[in-house]
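Read the structure below first, then the notes.
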Amino acid sequence: MAGGNWTRVSEFILVSFSSLPTEIQLLLFLIFLIIYLVTLMGNSLIILVTLADPILHSPMYFFLRNLSFLEIGFNLVIVPKMLGTLLARDTIISFPGCVTQMYFLFFFGVAECFLLATMAYDRYVAICSPLHYPVIMNQRTRAKLAVASWFPGFPVATVQTTWLFSFPFCDTNKVNHFFCDSPPVLRLVCADTTLFEIYAIIGTILVVMIPCLLILCSYSHIAAAILRIPSAKGKQKAFSTCSSHLLVVSLFYVSLSLTYFRPKSNYSPENKKLLSLSYTVVTPMLNPIIYSLRNNEVKNALSRTFRKAIGLRNCIP
């Protein structure tokens, strides 16, 4: 154990955006509140529409529904507390609350990494083996793939959170972030964290790079298959089914990798906050927008659902 004062911490203080003027914080509160509501409504709508419309009962939309569940979970874990720090200056979070927040952050983050890889595999089968697609991606297979995507989050979150919070903390409990993330909490530790940092880097490589390589492998085969399609219209249709997923993958993986590959990196705390905002707040909002605006099946299903809802309301005396 390194020298220095250390204590048993019972609560943490989230610095959040307290360095900004009050007017800017209120503006951020309004912006993040709108983003939060749009995220919840957009992802909830995706879930409801893909469940209600029989045309969207294909494996692609089954995995999209899982992604929307994850995005809602991400937002519920992080954004409400962040809004509290901006509006009511409620910056204190209890030790168990900090542990819980970090645990579910890792759980949902790891699950999303593997789910995005599963969605890439689904597109690979659909484009490269279209005739066998219904047989390969049957209900049992896609249920197993969904479970396989969600499950790794449990051991990773358990080990990472338990290990980090078993360290002694110094005489400061100020977390320079808007939620209990691993790098800023790690800075408060009064012990040698070399082994933990090595584990964190290895864990990041396994959790981020392996799914990313699977995605790249899937899309290399997809690209080769699309180039073999003779008609321009067929190529455009095949590419349109993948472009939304590729955009979501790019947004998520780039910011996640920059944040966690170097737990004690020289990035400024403000830069890390911006990187964290991109994958915890902005990307969950963009996902339903990207998939709905770039997907005619989703847009048509939304239209049918709204027409049915209006029709049922008109039938009620």
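Quick caveat, the model's predicted, so the values are computed rather than measured. Keep in mind that the numbers below use all heavy atoms, side chains included, and drop hydrogens, waters and symmetry copies. Numbering of residues begins at 1 and proceeds along the displayed sequence.
- Annotation: the span from Thr91 atom OG1 to Ile13 atom CD1 amounts to 5.5 Å, rounded to 0.5 Å.
- Hydrophobic clustering, defined by side-chain heavy atoms of Ile, Leu, Val, Met, Phe, Trp and Tyr closer than 4.5 Å, groups Ile198 together with Ile202, Leu206, Ile210, Leu214.
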Could you go through Ile72 and Ile47, starting from their C-alpha distance and side-chain angles, then the distance that decides it, and tell me whether this counts as side chain to side chain contact (heavy atoms under 4.5 Å, CB included)?
CA-CA 11 Å; Ile72 290 174; Ile47 293 170; 3.9 Å; yes
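- Here the straight-line distance linking atom CG of Leu145 with atom CE of Met137 works out to 5.0 Å at 0.5 Å rounding.
- Side-chain contact, Asp122 with Tyr133: a donor N or O sits under 3.5 Å from an acceptor N or O.
- Counting only residues at least two apart or in different chains, disulfide bond (SG atoms under 2.5 Å apart) contacts with residues 17-123 comprise Cys98-Cys180.
- Linking Ile, Leu, Val, Met, Phe, Trp and Tyr whenever their side-chain heavy atoms come within less than 4.5 Å leaves Tyr219 and Leu216 in two separate clusters.
- Within the 3.5 Å criterion, the main-chain N or O of Val159 finds no donor-acceptor partner in the side chain of Thr162.
- Sorted by first and then second residue, the side chain to side chain donor-acceptor pair (under 3.5 Å) pairs involving residues 67-81 (not counting sequence neighbours) are Asn43-Ser68, Glu71-Asn287, Lys81-Asp90.
- Hydrophobic clustering (side-chain heavy atoms under 4.5 Å, transitive across Ile, Leu, Val, Met, Phe, Trp, Tyr) groups Met82 together with Ile24.
- Note that the CD1 atom of Ile222 and the CG atom of Leu227 stand 12.0 Å from one another [nearest 0.5 Å].
- Between Pro155 and Thr158 the shortest side-chain heavy-atom distance does not fall below 4.5 Å.
- Every residue two or more places apart in sequence or in another chain that forms a side chain to side chain donor-acceptor pair (under 3.5 Å) with Thr50 is listed here: Arg65.
- Residues satisfying the ring pair (Phe, Tyr, Trp, His ring centres under 6.0 Å) test with Phe151, not counting sequence neighbours, are none.
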Show the numbers, then the answer: is there a side chain to side chain contact (heavy atoms under 4.5 Å, CB included) between Leu164 and Met102?
CA-CA 10 Å; Leu164 178 53; Met102 187 181 295; 3.6 Å; yes
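- Under a hydrophobic-cluster definition in which Ile, Leu, Val, Met, Phe, Trp and Tyr are linked whenever side-chain heavy atoms come within less than 4.5 Å, directly or via other members, Ile289 and Tyr61 are assigned to the same cluster.
- Shown here for Phe167 and Asp192, the closest heavy-atom pair between the two residues is CE2-O, 4.0 Å.
- When side chains are defined from C-beta on, Leu26 does not count as touching Glu23, because their heavy atoms never get closer than 4.5 Å.
- Taking all atoms of both residues into account, the shortest heavy-atom contact from Pro288 to Pro284 is CD-O, 3.2 Å.
- Taking each heavy atom of Ser218 and Ala120 in turn, the nearest pair found is CB-O, 3.8 Å.
- Side-chain contact check for Thr172 versus Leu188: some heavy-atom pair is nearer than 4.5 Å.
- At a threshold of 4.5 Å between side-chain heavy atoms, the hydrophobic network of Ile, Leu, Val, Met, Phe, Trp and Tyr places Val15 and Phe169 in two separate groups.
- Applying the ring pair (Phe, Tyr, Trp, His ring centres under 6.0 Å) criterion to Phe62, with sequence neighbours excluded, gives no partner residue.
- The two residues Gln101 and Val77 come nearest to each other via the heavy atoms NE2-O, 3.1 Å.
- Residue pairs meeting the ring pair (Phe, Tyr, Trp, His ring centres under 6.0 Å) criterion with at least one member in residues 23-42, sequence neighbours excluded, do not occur.
- Pairs of residues two or more places apart, or lying in two chains, never qualify as ring pair (Phe, Tyr, Trp, His ring centres under 6.0 Å) while including a residue from residues 67-93.
- Qualifying ring pair (Phe, Tyr, Trp, His ring centres under 6.0 Å) partners for His221, counting only residues two or more places apart in sequence or in other chains: Tyr124.
- Its side chain outside the 4.5 Å cluster rule for every partner, Leu48 clusters with none of the Ile, Leu, Val, Met, Phe, Trp and Tyr residues.
- Among residues two or more places apart in sequence or in another chain, the ring pair (Phe, Tyr, Trp, His ring centres under 6.0 Å) test is passed with Phe178 by Phe17.
- Pairs passing the side chain to side chain donor-acceptor pair (under 3.5 Å) check and including a residue from residues 147-156, sequence neighbours excluded, read Asn66-Trp150, Thr118-Ser149.
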Start with the C-alpha gap between His177 and Leu14, add the side-chain angles, then the distance that decides, and say whether side chain to side chain contact (heavy atoms under 4.5 Å, CB included) holds.
CA-CA 6 Å; His177 215 308; Leu14 297 174; 5.6 Å; no
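- For the residue pair Pro134 and Leu131, the shortest heavy atom distance occurs at CD-O, 3.8 Å.
- Side chain of Ser94 to main chain of Gly97: a donor-acceptor pair is present (N/O by atom type, distance under 3.5 Å, no hydrogens or angles).
- Here the OG1-CD distance, from Thr141 to Gln139, works out to 10.0 Å after rounding to the nearest 0.5 Å.
- In this pair, Phe154 and Phe107 present their aromatic rings tilted. The plane angle is within the 30 to 60° band.
- Annotation: side chain of Tyr103 is not in contact with side chain of Gln160 (no heavy-atom distance under 4.5 Å).
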Run the side chain to side chain contact (heavy atoms under 4.5 Å, CB included) check on Lys174 and Phe12 step by step: do they pass?
CA-CA 6 Å; Lys174 290 185 177 181; Phe12 293 94; over 6 Å; no
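- For Phe165, the CZ atom counts as densely surrounded, since its 6.0 Å shell holds more than 12 non-hydrogen atoms of other residues, nucleotides or ligands.
- Remark: the backbone N or O of Val99 is not paired with any side-chain donor or acceptor of Thr161 at under 3.5 angstrom.
- Rounding to the nearest 0.5 Å gives a distance of 6.0 Å between CG of Leu70 and CD of Glu112.
- Between Pro184 and Val175 the shortest heavy-atom distance is CB-CG1, 3.8 Å.
- Both Leu115 and Leu51 are assigned to one and the same hydrophobic cluster, defined by single-linkage of ILVMFWY side chains at heavy-atom distances under 4.5 Å.
- Looking at Asp181, its side chain never comes within 3.5 Å of a backbone N or O of Pro183 through a donor-acceptor pair.
- A distance-only check finds a donor-acceptor pair linking the side chain of Gln25 to the backbone of Leu20 [under 3.5 Å].
- Tyr199 and Trp163 have tilted rings, their planes meeting at an angle from 30° to 60° on a 0 to 90° scale.
- Rounding to the nearest 0.5 angstrom, the gap separating the CG atom in Leu277 from the CD1 atom in Ile31 is 10.5 Å.
- Counting only heavy atoms from C-beta outward, the side chains of Ile34 and Leu37 never approach each other to under 4.5 Å.
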